[in-house]
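Counting convention: from 1, in listed order, for ligands and their atoms alike. The residues of the chain are indexed from 1 along the displayed sequence.
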Amino acid sequence: MCGIVAAASQNNVINILADGLKHLEYRGYDSAGIAVIENKKIHSYKREGHVSELTNILDKKLTSNIGIAHTRWATHGKPSEINAHPHVSDNNIAIVHNGIIENYIEIRDKFFKETKLESDTDSEVLAHLINSYSKENDILDAVYLALKEVKGSYAIAVLDKNNADEIIVARHGSPLLIGVGENVNYIASDAHALIMHTNKFIYLEDGDTASISSKEIKIYDTNKKPVQREIKKSNLSLDSNTKNGYEHFMLKEIFEQPEAVKATIQDRIINNTVPKEILGPNVDKYLSNFNLVQIIACGTSYHAALLAKHWLEKLAGIPCQAEIASEFRYRKHAVQKGTLAVCISQSGETADTLSALRQIKQEDNYVGTVAICNVPESSIARECDSTLITHAGPEIGVASTKAFTTQLVALMLLIIVLGKRFDVTDELEKSLCEQLKTLPTKIKSTLDLDNEIAELSKIFSNKEHALFLGRGSHFPIAREGALKLKEISYIHAEAYAAGELKHGPLAIVDENMPVVAVAPNNVVLEKLKSNLEEVKARGGKLYIFADIKAGFKSDEISQVFEIDAPMNPVAPILFTIPLQLLAYHCAIIKGTNVDMPRNLAKSVTVE
Ligand code: AGP
């Protein structure tokens, strides 16, 4: 949520800020702004809308050696120029902020009752607070004093007119890193914004504050004690920031899935076994003493959790619960002794998942924590006992695609390791490893449905609503298909376990309601067929994604798309692919912003 980029250099930083914002736009795109110090004055430029709206108005002659910039996803105050960051106080202090100041009204009433605030944001109050403390303190102390008043989460970068060489930054609950250069140092919410300038990063920890100039980086802990943080080399490639000839990041990422899955299993399957060492050095902390699994996640990652629950119980005989993190964190739990917690998160920064993880770590009955995550340096990856990285490569499209399929692959690897003490025999392990190894080729063949699905989308995109049906381990896939469709094409879609239709949703089925069915050739196939007959009998139009052996034929009411997905546990991964393509092509026809759908952001670092 919101992207921050900043730089202090011996040269002009304007292009660094503008390019950085473009690469962070996936984090929020309702307004953007930049503040620099030039001739001892703060100059700030802001625009509602995408980053290009801002860069279009930037004076080509503008130069400065120091500046901060922001792309916003609105929380407090609607998207507008006034609410855009940076917020400037008294022409002295400019700040950009990611996160939420929960007690901003209290702060406003305590300190600024008489001040006319310009915006409706929580962040402006923090700018004024830092400014007022800066009257009698140096800027670092002013930031410390101001943050002492704050409840909530933040990553901030602060410019002080009277201190034109340094930027003060701080983080608590929202990500922030420092890019290390030669005669230049950078700040950003994530490494994408800076990878074209440096591959050396310092990941700030919660509670850290830092002062950054072109020559020096000084980091302090919560008590203002200087601390050293390791400089890490990133292997992000410049390529991951480009569409590589595809029209959209989402399409590129859908087509990258064979490679992403291959990379996720690589070196983790050895002679058809999965060694426990894939879970790192802390695996023995929980491997021999856990007896049930609690998974927490949000959105698409939660759908991966739902399928993992099926797998854990069916294949390994391990009891499992899966819960949405935002619900989990606010209810009382009866935690059984020996629970292993698994957090699934593409970004590793999702606020609800991170906070649920931190609660779990306070509770004695949990024996360990495992992260399934795509970003090795993220908070969730760093804070779990074990981390299984999905090697999907950076996912830029807001709609999660390759992250989801690689999460499922990583979860299957995890289940094999966890299940050896339970029902996963050597024979089952071998068979699951073989299935995983065939996935990249099978995904490639499933992608061949692209043209057929593009044709289908011509009809589908006219619809206002859609129902998605699945049963058993394919119900999470139907849910994911519905989420994808609504997220990027704005067609209202709901998923139901097919057996639930007659308990209510059948009432909305008529000739205007397209019904998408996920139809593997498995034990509940005949049951599903009966459910689909109920739809046909009400005049509902069916679009069935079926295994070639499931025995469906197209007719005037149903259109069948065949997938070669043999009846085995990894089949749900293959059924995901056509549903991603359906959402993509509908969005294209509807002309929505595929990679940056309205009202959303990629990394949800606020509650
Ligand atoms: C998926 O398409 C979404 N954009 C969203 O549901 C996402 O999966 C969710 O916000 C969780 O993100 P995470 O995996 O980074 O934690």
Side-chain angles (χ1 to χ4, degrees), residues 1-2 26-29 73 173-175 189-190 192 248-251 253-254 257 260 295-308 322-329 342-358 371-384 387-390 392-408 410-411 468 476-477 479-490 493 495 576-577 579-584 586-587 592-607:
M1 297 275 125
C2 302
Y26 73 93
R27 300 177 69 90
Y29 32 82
W73 184 85
S174 298
S189 299
D190 80 39
H192 286 109
H248 296 97
F249 280 110
M250 182 182 179
L251 191 62
E253 288 158 5
I254 290 174
Q257 289 178 106
I295 315 184
I296 42 171
C298 301
T300 289
S301 298
Y302 173 64
H303 295 152
L306 290 177
L307 179 49
E323 190 164 345
I324 296 166
S326 55
E327 289 295 317
F328 181 94
R329 61 184 287 199
V342 176
C343 299
I344 311 175
S345 175
Q346 185 285 128
S347 60
E349 299 293 350
T350 299
D352 285 319
T353 313
L354 182 57
S355 151
L357 168 66
R358 288 176 179 167
I372 304 288
C373 189
N374 198 34
V375 183
E377 302 304 340
S378 63
S379 306
I380 292 174
R382 283 186 286 126
E383 293 184 28
C384 279
T387 297
L388 203 47
I389 292 297
T390 48
E395 191 180 66
I396 307 289
V398 165
S400 197
T401 53
K402 62 177 181 171
F404 178 63
T405 42
T406 54
Q407 282 169 352
L408 292 174
L411 283 161
F468 283 65
I477 302 304
R479 293 182 66 146
E480 174 59 9
L483 173 63
K484 235 40 351 150
L485 187 71
K486 60 187 153 199
E487 185 177 20
I488 59 165
S489 76
Y490 316 152
T576 306
I577 311 296
L579 303 186
Q580 296 170 343
L581 289 169
L582 178 65
Y584 174 78
C586 285
T592 61
N593 189 334
V594 174
D595 287 333
M596 291 185 262
R598 70 184 177 200
N599 305 341
L600 300 180
K602 183 71 183 164
S603 189
V604 186
T605 54
V606 293
E607 272 196 54

Among Ile295, Ile324, Thr353, Ile344, side-chain contact (heavy atoms from CB on, under 4.5 Å) partner for Tyr302: Ile324
Which residue and heavy atom of the protein sit nearest atom 10 (O) of ligand 1, plus the separation: Val604 CG2, 3.7 Å
Per-atom contacts, ligand 1 versus Ser345 - under 4.0 Å to a heavy atom: 13 (P), 14 (O), 15 (O), 16 (O)
Which of the ligand 1 atoms, numbered from 1, are nearer than 4.0 Å to a heavy atom of Gln346: 13 (P), 14 (O), 15 (O), 16 (O)
Protein contact of atom 11 (C) of ligand 1 - nearest heavy atom, named by residue and atom, plus distance: Cys298 O, 3.3 Å
From CA spacing to verdict: side-chain contact (heavy atoms from CB on, under 4.5 Å), Ile396, Asp595: CA-CA 8 Å; Ile396 307 289; Asp595 287 333; over 6 Å; no
Point-to-point distance, once rounded to the nearest 0.5 Å, from OG1 of Thr405 to CD of Glu253: 10.5 Å
Step-by-step side chain to side chain donor-acceptor pair (under 3.5 Å) determination, Gln346 to Ser400: CA-CA 8 Å; Gln346 185 285 128; Ser400 197; over 6 Å; no
Residue Thr350 vicinity, atoms of ligand 1 by number, heavy atom under 4.0 Å: 12 (O), 13 (P), 15 (O), 16 (O)
side-chain contact (heavy atoms from CB on, under 4.5 Å) partner of Phe404, the single match among Gln257, Glu480, Lys484, Glu395: Glu480
Over-ring placement of Arg479 relative to Phe468, 6.0 Å and 45° cut-offs: no
Step-by-step side-chain contact (heavy atoms from CB on, under 4.5 Å) determination, Glu349 to Ser378: CA-CA 6 Å; Glu349 299 293 350; Ser378 63; 3.6 Å; yes
Atoms in ligand 1 flagged as close to Lys484, the criterion being non-hydrogen separation under 4.0 Å: 1 (C), 2 (O)
Identity and separation of the nearest protein heavy atom to atom 8 (O) of ligand 1: Thr300 N, 3.1 Å
Ligand 1 atoms in contact with Ser301 (distance to a heavy atom under 4.0 Å): 8 (O), 13 (P), 14 (O)
Closest protein heavy atom (residue, atom, distance) for atom 3 (C) of ligand 1: Glu487 OE2, 3.2 Å
Criterion side-chain contact (heavy atoms from CB on, under 4.5 Å) on Asn374 and Lys402, from CA distance to verdict: CA-CA 10 Å; Asn374 198 34; Lys402 62 177 181 171; 5.8 Å; no
Numbered atoms of ligand 1 (with element) below 4.0 Å of Ser400, judged on heavy atoms: 1 (C), 2 (O)
Protein heavy atom at shortest distance from atom 15 (O) of ligand 1: Ser347 OG, 2.7 Å
Ligand 1 atoms in contact with Ala399 (distance to a heavy atom under 4.0 Å): 2 (O)
